[in-house]
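In what follows, chains carry the letters A, B, and so on, assigned in the order in which the sequence lines appear, proteins first and then strands, with residues in each chain numbered from 1. All values below come from the heavy atoms of this structure, side chains included, with hydrogens, waters and symmetry mates left out.
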Amino acid sequence: MALEKITKIEGPAAVFRGDDVDTDRIIPARFMKCVTFDGLGEYLFHDVRFDAKGKPTGHMLDKPERKGASVLVVGNNFGCGSSREHAPQALQKFGIQAIVGGGYAEIFFGNSTTLGIPCVALAPKDLARLTEAVEKDAKLKVTVDLSAKTVNWGSEKAPLAIKDGARQALMEGQWDAIGQLLEAQGQVAKLEAALPY
Amino acid sequence: MSSRQAGGKSLFQKAWEAHTVRTMSNGQVQLFIGLHLIHEVTSPQAFGMLRDLKLKVAYPKRTFATVDHIVPTDTRVEPFADPLAQGMIDALRTACKEFGITFFDTDSGKQGIVHVIGPEQGLTQPGTTIACGDSHTSTHGAFGAIAFGIGTSQVRDVLATQTLALDPLKVRRINVNGHLAPGVYAKDVILHIIRLLGVNGGTGYAYEYGGDVFDRFSMDERMTVCNMSIEGGARAGYVNPDATTYAYLVGRPYSPKGAEWDQAVARWNACRSDADARYDDVVNIKAEDIKPTVTWGINPGQALFIDEKIPTVEGVPEGQRAGIKEALEFMQLTPGAPIKGTKVDVCFIGSCTNGRLSDLREVAKYVEGRQVAKGVKAIVVPGSQIVQQAAVEEGLDKIFRAAGFEWREAGCSMCLAMNPDKLIGEQLCASSSNRNFKGRQGSPTGRTVLMSPLMVAAAALTGKISDAREVFEVKPEPVGV
Ligand code: SF4
């Protein structure tokens, strides 16, 4: 399957602060009553962006000057909790193309990679600098450069970390595994037939 | 699995190797999945993707479906009041028919939470690989299976190929040795482990649980612990199979029969971790150190013994203060005050963590003849129709009802509130489920305190977070037992 080669993502950014932001926060379960992923974007971080009456709380993501943000800056252990792909789907449908943070829960990281969303990690000091810079300047362009393994903003630059396998898969356009998995159906059938159960 | 030098293999390594199809170009392993379980929330989109790609289900006999998250627990009459819920169950029915998948539907008598029915049916077996589009798939590890929670695109991968592309995991052995005190349950053990190792302490690991306590644990108790491995950040959790495992499995609908049973047991014994297995990490915990545990915050690692005090912002290192402050504010708790005595509004007994027959029996034993406190809403939701049926046959439903609990139909219910069972406003819920995330129980401002089922019952009877050992006069066992 020919997929886009993802080597560099560049765009305006927004910040979602906090560590251990779980998938229930990214997309509350009550918005998962759907049989397609379309339309999930509007519910992204719903209970943070809207109050109990459904009024916008004025979160950065809803500020007019942040419209079109494609890079999301987050904290540590982002995406912990459930395996729901609805979480990265909601981010993607909202327009987020890359995530920069301190670290990610494993299932979330895998689900995001499968959708072609790189989740990269920065050292705490670098992340703090980036967070501040993005919060200050809505126009600031942030570049997630997978080939150079850096995140760049303004005149600044920091090394990024990402699992080698995921980086390679993204850069080679192999981030959705289905094509590769299907190639081995002969081998799979052999293993299946030999299994004792 | 990364190559190890001398030393035996863990069950994880053995199962991983036995199911490896090949190593892929990016270093991931294409792993065969022996058993695939699906439910209505994360599979419809996967079937949609299959249809778009014009693919079939490769091994339909290796996939089983149930409906659990969205089903109402008060009535099973269709159409459901919520058209979206009806749409989801209909989509699953259609897909199962179209692709030839067995579906334990609401009229089957076997419907229930996916992680309760797999073991119940004898589908969950030692040494196998299991996947389900649900993070608590780790539950099945209680049988010595390697069980992964996966996303919807991966559900599609398993449907289309019966395989997954996965990164190898490290294995951390967690020993709990000694004796648990009366009134201390499997739930307390896992809450304690998560508190010790952190909510992301398990990143990159599978947890292998062992030691005296696990050797003595029933299958239900092992499931409770394995269930919450994911809350500790581990990708999977398991217990090596033994006589307890086999006694549970024998005679179940999908368990091997006759000569095949004996062969299976020999195979299962062989898949146990070797005595000299090498682990990437080992953690030792003393059972005597564990007390009834409750959460105070907004993740399962923010937990306390029932006799401890709620933390203060100043009492923690600088780097953690923002998180603690956020949790304290959300939970509306007073820093430095005892957690015991906190008023509760709702009490929930159920979920794939603690909605099994043994959980209901244990609670019923203590609440018989007593009354839920005035103003408290208390509900009991069996994990499956089989649990429900067995409980009714034992008269447990009557005991609960007489004590003022609502007795419901099987499903996930208030564990994540995708059905009508929800917290309202800022209600505080004493819950036997597994997640206390903000908004988890259906109200964005609803508050969840996780604890064992008996602790939930104690909260229900007193109207506040209480020590079940005091409320129910749980006596220490005589020495020597
Ligand atoms: S009971 Fe709760 S945790 Fe378990 S499968 Fe259902 S929603 Fe998920």
Between chain A and each of [options], count heavy-atom pairs under 4.5 Å; write down the option with the most.
| options | answer |
| --- | --- |
| Gln30(B), Glu40(B), Met49(B) | Gln30(B) |
| Gly439(B), Gly34(B), Ala417(B), Ser43(B) | Gly34(B) |
| Thr128(B), Leu55(B), Leu92(B), Asp82(B) | Thr128(B) |
| Met24(B), Arg22(B), Lys422(B) | Arg22(B) |
| Cys132(B), Gly204(B), Gly301(B), Ala264(B) | Gly204(B) |

So which of [options] has the biggest tally of heavy-atom pairs under 4.5 Å with chain B?
| options | value |
| --- | --- |
| Tyr104(A), Phe108(A), Phe37(A) | Phe37(A) |
| His46(A), Arg30(A), Lys33(A), Met32(A) | Lys33(A) |
| Pro28(A), Ala184(A), Ala177(A) | Ala184(A) |
| Asn76(A), Leu181(A), Asn77(A), Asp24(A) | Leu181(A) |
| Thr23(A), Asp19(A), Ile107(A), Thr114(A) | Ile107(A) |
| Gly81(A), Pro124(A), Gly165(A), Ala189(A) | Gly81(A) |

Self-check item: With Phe94(A) via ring pair (Phe, Tyr, Trp, His ring centres under 6.0 Å) - residues at least two apart
Solution: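 In terms of ring pair (Phe, Tyr, Trp, His ring centres under 6.0 Å), with neighbours along the sequence ignored, Phe94(A) is linked to no residue.
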Quiz prompt | Qualifying residues under ring pair (Phe, Tyr, Trp, His ring centres under 6.0 Å), relative to Tyr254(B), sequence neighbours excluded | solution =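 By the ring pair (Phe, Tyr, Trp, His ring centres under 6.0 Å) rule, Tyr254(B) matches Phe64(B).
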Quiz item: So how far is it from Thr129(B) OG1 to Tyr197(A) OH, rounded to the nearest 0.5 Å?
Solution: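 With rounding to 0.5 Å, OG1 (Thr129(B)) is 4.0 Å from OH (Tyr197(A)).
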Quiz item: Could you give the distance from OG1 (Thr152(B)) to CD (Gln89(A)), rounded to the nearest 0.5 Å?
Solution: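 Nearest 0.5 Å value for the OG1-CD distance: 7.5 Å.
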Residue [X] versus chain A: region with a heavy atom under 4.5 Å:
| X | value |
| --- | --- |
| His19(B) | both |
| Ile150(B) | backbone |
| Ala165(B) | both |
| Asp157(B) | both |
| Arg267(B) | side chain |
| Leu164(B) | backbone |
| Thr445(B) | neither |
| Tyr59(B) | side chain |
| Glu326(B) | side chain |

Are any of the side-chain heavy atoms of [X] and [Y] separated by less than 4.5 Å?
| X | Y | result |
| --- | --- | --- |
| His86(A) | Val41(B) | yes |
| Leu169(B) | Glu106(A) | yes |
| Glu192(A) | Phe32(B) | yes |
| Leu195(A) | Arg62(B) | yes |
| Gln180(A) | Gln28(B) | no |
| Ile298(B) | Arg25(A) | yes |
| Cys34(A) | Gln45(B) | yes |

Please classify the contact between [X] and chain B as side chain, backbone, both or neither, with a heavy-atom cut-off of under 4.5 Å.
| X | answer |
| --- | --- |
| Lys190(A) | neither |
| Leu182(A) | both |
| Ala105(A) | neither |
| Pro196(A) | both |

Practice problem: Answer yes or no: is there a donor N or O on one side and an acceptor on the other, between the side chain of Glu85(A) and the main chain of Thr42(B), under 3.5 Å? | Solution: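 Pair absent, no side-chain N/O of Glu85(A) close to backbone of Thr42(B).
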Exercise. Give a yes or no on whether the backbone of Asp134(B) and the side-chain of Ser83(A) come within a donor-acceptor separation of less than 3.5 Å.
Key: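 Yes: the side chain of Ser83(A) pairs with the backbone of Asp134(B).
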So for atom [atom1], which belongs to [X], do other residues, nucleotides or ligands contribute more than 12 heavy atoms lying within a distance under 6.0 Å?
| X | atom1 | result |
| --- | --- | --- |
| Arg321(B) | CZ | yes |
| Glu132(A) | CD | no |
| Lys8(A) | NZ | no |

For a quick test of reading the model, state the closest non-hydrogen atom pair linking [X] to [Y] and the distance between them.
| X | Y | result |
| --- | --- | --- |
| Thr161(B) | Val188(A) | O-CG1, 3.6 Å |
| Ser25(B) | Gln168(A) | O-NE2, 3.3 Å |
| Arg156(B) | Asp176(A) | NH2-OD1, 2.5 Å |

Quiz item: Among Asn111(A), Ile178(A), Leu115(A), which residue meets the side-chain contact (heavy atoms from CB on, under 4.5 Å) test with Ser153(B)?
Solution: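 Passing option: Leu115(A).
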Exercise. List the steps and the verdict of side-chain contact (heavy atoms from CB on, under 4.5 Å) for Asp20(A) and Val199(B).
Key: CA-CA 8 Å; Asp20(A) 305 316; Val199(B) 285; 3.8 Å; yes
Exercise. Evaluate the criterion salt bridge (charged side-chain N to carboxylate O under 4.0 Å, His left out) for residue pair Lys163(A) and Asp167(B); output intermediate values, then yes/no.
Key: CA-CA 10 Å; Lys163(A) 272 190 205 163; Asp167(B) 290 311; 3.3 Å; yes
